[in-house]
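Quick notes on the structure that follows.
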Amino acid sequence: MKSSGFNFSKVKSLSGTGQQHGSVYWKTGSREVLNHLSAGQPLHIALQTCFAIGDSPIWMDSSTSAECRHLEKSVGGAQVLANITGSRAYERFSGNQIAKIYKQKPEEYSQCERISLVSSFAASLFIGDYAAIDYSDGSGMNLLDIHKKTWNETCLNACAPDLKEKLGSAVPSSSVLGNVSPYYVHRYGFSPRCSVVAFTGDNPASLAGMRLEEGDIAVSLGTSDTLFLWIKEPTPALEGHIFINPVQSQDYMALLCFKNGSLMREKIRDDCSSASWEEFSNILRSTPPGNNGHVGFYFDVMEITPQAVGIHRFNAENQEVSEFPKEVEIRALVEGQFMAKRIYAERLGYKILPQTKILATGGASCNQDILQVLSDVFNAPVHTIATANSACLGCAYRAAHGLSSLTSASTFTHVLKAPQHKLVVTPRPESDKVYQPLLERYAECESAVIQASKIINN
């Protein structure tokens with residue numbers, strides 16, 4: 001950016017984002033180095049001796065199952081942990097990664113004076129000091145009490161000693177951490193008055209970038225399908241995650257991931273509509289909402305939400321059948337995927353409100369017939385999002401939010417001056433009457449599918 005002539009002196013505020021769950025281990029004495037960085041040195045040279053652990057564990061690490069079980073047992077079970085921290089113990093979550101570091105590398109752990117998340121690590125580079133972990137990214141650690149907004153002592157003690165001191169205090173995501181350090185003023189030409197707003201994780205930053213408001217739901221229809229929800233009163237469950245909201249810290253956001261997304265839709269398209277999306281859409285339009293009572297579960301690979309695998313079809317009498325006609329198969333797939341999303345969202349405390357809108361993004365969001373089913377199942381209008389790189393854009397919004405010292409989400413929204421989301425479809429009349437009883441039946445059939453998957457795995 002400097003070599004291309006970007007004028008850093010015009011930047012009034014900045015924020016940023018990093019992949020969730022990764023952890024960085026600062027060696028004792030590193031704060032002093034951060035405080036006195038020389039503008040003549042690149043950071044990788046200046047900080048090369050600052051880390052107690054050379055290779056930071058990231059979200060792809062799934063080697064901490066023993067630590068997860070220990071943490072859940074320490075607090076009284078998986079649901080108790082979810083009630084406290086917003087999630088049951090997950091292998092990728094930072095608390096369990098820290099516990100493994102302490103167990104396998106106790107000497108390196110003892111040399112560590114501060115543990116950052118990827119987001120707060122990056123913020124530390126900008127302020128020239130240890131940056132606080134923000135509430136929202138801190139919710140992805142299995143350590144933060146999402147109700148009290150403080151580290152939970154039982155969780156801390158179950159993971160490693162002296163952890164509270166090594167983490168420092170967590171702060172609201174809109175907090176101004178300070179101004180950029182002299183390093184950036186002298187090396188890049190930033191104004192010394194440029195403020196740094198707390199950095200956060202990529203998923204919370206995406207919620208800000210997509211400009212969700214209370215009652216809204218964002219659906220990313222990609223290789224895997226992901227739901228982002230704005231929630232007032234969460235009910236943590238064993239599936240999904242509850243984080244403190246990055247825009248309004250008295251509210252919450254929920255995250256649900258469904259592994260069998262577009263690849264499953266493409267498989268059924270190939271099998272039932274000659275690999276043609278146009279034929280797939282024509283068939284979907286020709287079949288009635290509710291599919292005459294037929295429901296299906298399509299898990300080509302082991303699903304995350306719920307933990308189940310295989311293809312399971314049920315007729316209107318809840319009897320499992322071996323096959324459907326192709327037109328029934330296509331609608332059963334699409335309706336089933338969206339009914340699962342609504343069921344699991346509502347289990348986490350999500351409520352469809354009169355002002356609710358669904359924001360759709362990802363590859364399948366260009367298919368209006370798929371979006372019509374989404375609208376019907378949720379009984380809410382569907383808009384599409386033109387935003388690319390929503391996490392990065394969300395941090396620019398959050399930088400403006402922090403700079404203005406605004407506290408209400410509605411005011412935050414007015415600051416954005418962004419183009420409106422595009423309304424694509426609205427629910428058909430009577431769709432709620434069709435899907436309310438079908439949702440109950442889907443949940444009943446799901447129990448049988450989960451039990452069958454357990455038998456297969458055993």
Side-chain angles (χ1 to χ4, degrees), residues 18-26 51-53 55-106 108-110 112-121 130-171 173 199-204 234 236-244 252-253 255 257:
Q19 55 178 273
Q20 288 200 267
H21 316 305
S23 46
V24 179
Y25 300 79
W26 296 94
F51 306 107
I53 300 293
D55 295 317
S56 290
I58 61 167
W59 67 271
M60 295 176 73
D61 189 305
S62 58
S63 64
T64 60
S65 295
E67 288 76 15
C68 288
R69 303 293 79 78
H70 173 70
L71 178 57
E72 289 178 347
K73 185 177 179 182
S74 298
V75 300
Q79 185 60 58
V80 176
L81 183 65
N83 293 342
I84 297 168
T85 70
S87 305
R88 66 171 174 83
Y90 281 87
E91 282 78 2
R92 67 186 183 277
F93 275 37
S94 322
N96 306 301
Q97 295 291 336
I98 293 167
K100 180 187 170 187
I101 293 285
Y102 168 65
K103 187 161 67 176
Q104 295 189 354
K105 299 180 178 180
E108 288 90 336
Y109 179 84
S110 69
C112 172
E113 72 178 7
R114 177 60 71 105
I115 298 174
S116 296
L117 296 181
V118 176
S119 59
S120 63
F121 163 73
Y130 292 144
I133 292 170
D134 80 292
Y135 287 164
S136 202
D137 206 8
S139 304
M141 299 177 74
N142 279 145
L143 296 175
L144 189 73
D145 186 319
I146 61 169
H147 308 286
K148 297 178 181 177
K149 300 179 175 63
T150 56
W151 303 118
N152 180 273
E153 296 283 352
T154 305
C155 295
L156 294 173
N157 294 335
C159 290
D162 306 317
L163 190 47
K164 188 174 185 179
E165 292 74 19
K166 293 180 190 294
L167 293 173
S169 298
V171 299
S173 302
F199 284 29
T200 193
D202 51 1
N203 290 307
L238 296 182
E239 292 87 11
H241 312 293
I242 303 288
F243 301 146
I244 296 169
Y252 297 88
M253 67 170 282
L255 183 70
C257 188

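One distance of note links CZ of Phe199 with CD1 of Ile133; it measures 14.0 Å at 0.5 Å rounding. With rounding to the nearest 0.5 Å, the separation of CZ in Phe51 from OG in Ser116 is 9.0 Å. From Asn83, atom CG reaches atom CD of Gln79 across 4.5 Å, with rounding to the nearest 0.5 Å. For the atom pair CG of Leu167 and OG of Ser23, the computed distance is 10.0 Å after rounding to the nearest 0.5 Å. Note that the CZ atom of Arg114 and the OG atom of Ser120 stand 8.0 Å from one another [nearest 0.5 Å]. Between the CD1 atom in Ile101 and the CD1 atom in Ile115 there is a gap of 8.5 Å [rounded to 0.5 Å].
The closest side-chain donor-acceptor pair between Glu91 and Ser65 falls under 3.5 angstrom. Judged by distance alone, the side chains of Asp134 and Ser136 never bring a donor and an acceptor atom under 3.5 Å apart. For Asp202 and Gln19, the side-chain atoms include no donor-acceptor pair closer than 3.5 Å. A donor-acceptor pair shorter than 3.5 Å can be found between the side chains of Asp137 and Gln20.
Without hydrogens or angle criteria, Arg88 side chain to Leu238 main chain gives a donor-acceptor distance under 3.5 Å. A donor-acceptor pair under 3.5 Å is formed between the side chain of Glu72 and the backbone N or O of Ala89.
Under the 4.5 Å side-chain criterion, counting only non-hydrogen atoms from C-beta, Cys112 is not in contact with Tyr102. Residues Tyr252 and Phe243 form no side-chain contact, since every pair of their non-hydrogen atoms from C-beta on lies 4.5 Å or further apart. Side-chain contact between Thr64 and Gln97: present, with at least one pair of heavy atoms (C-beta onward) separated by less than 4.5 Å. For the pair Ser139/Ile242, no side-chain contact is recorded, criterion being any heavy-atom separation below 4.5 Å from C-beta on. Looking only at side-chain heavy atoms (C-beta outward), Met141 and His21 stay at 4.5 Å or farther from each other. Using a 4.5 Å cut-off on side-chain heavy atoms (C-beta onward), Met60 and Arg92 make no contact. Taking the side chain as every heavy atom from C-beta outward, Lys100 and Asp61 approach each other to under 4.5 Å. Under the 4.5 Å side-chain criterion, counting only non-hydrogen atoms from C-beta, Leu81 is in contact with Cys155.
Sorted by first and then second residue, the pairs that involve residues 145-157 and meet side chain to side chain donor-acceptor pair (under 3.5 Å), not counting sequence neighbours, are Glu153-Lys164.
Salt-bridge formation is not detected for the pair Glu113/Lys166: no Lys NZ or Arg NE/NH1/NH2 atom is positioned less than 4.0 Å from an Asp or Glu carboxylate oxygen.
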Applying side chain to side chain contact (heavy atoms under 4.5 Å, CB included), run through Leu143 and Thr85 and close with a yes or a no.
CA-CA 6 Å; Leu143 296 175; Thr85 70; 5.9 Å; no
Is there a side chain to side chain contact (heavy atoms under 4.5 Å, CB included) between Ser173 and Ile244 once you walk through the steps?
CA-CA 9 Å; Ser173 302; Ile244 296 169; 5.9 Å; no
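The two residues Pro236 and Ala82 come nearest to each other via the heavy atoms CB-O, 3.1 Å. The shortest heavy-atom contact between Cys159 and Gly95 is SG-O, 3.4 Å.
Within a 6.0 Å radius of OH in Tyr109, more than 12 heavy atoms belonging to other residues, nucleotides or ligands are found.
Taking the ring pair (Phe, Tyr, Trp, His ring centres under 6.0 Å) definition, one finds that Tyr90 meets it with Phe93, His241, sequence neighbours left out.
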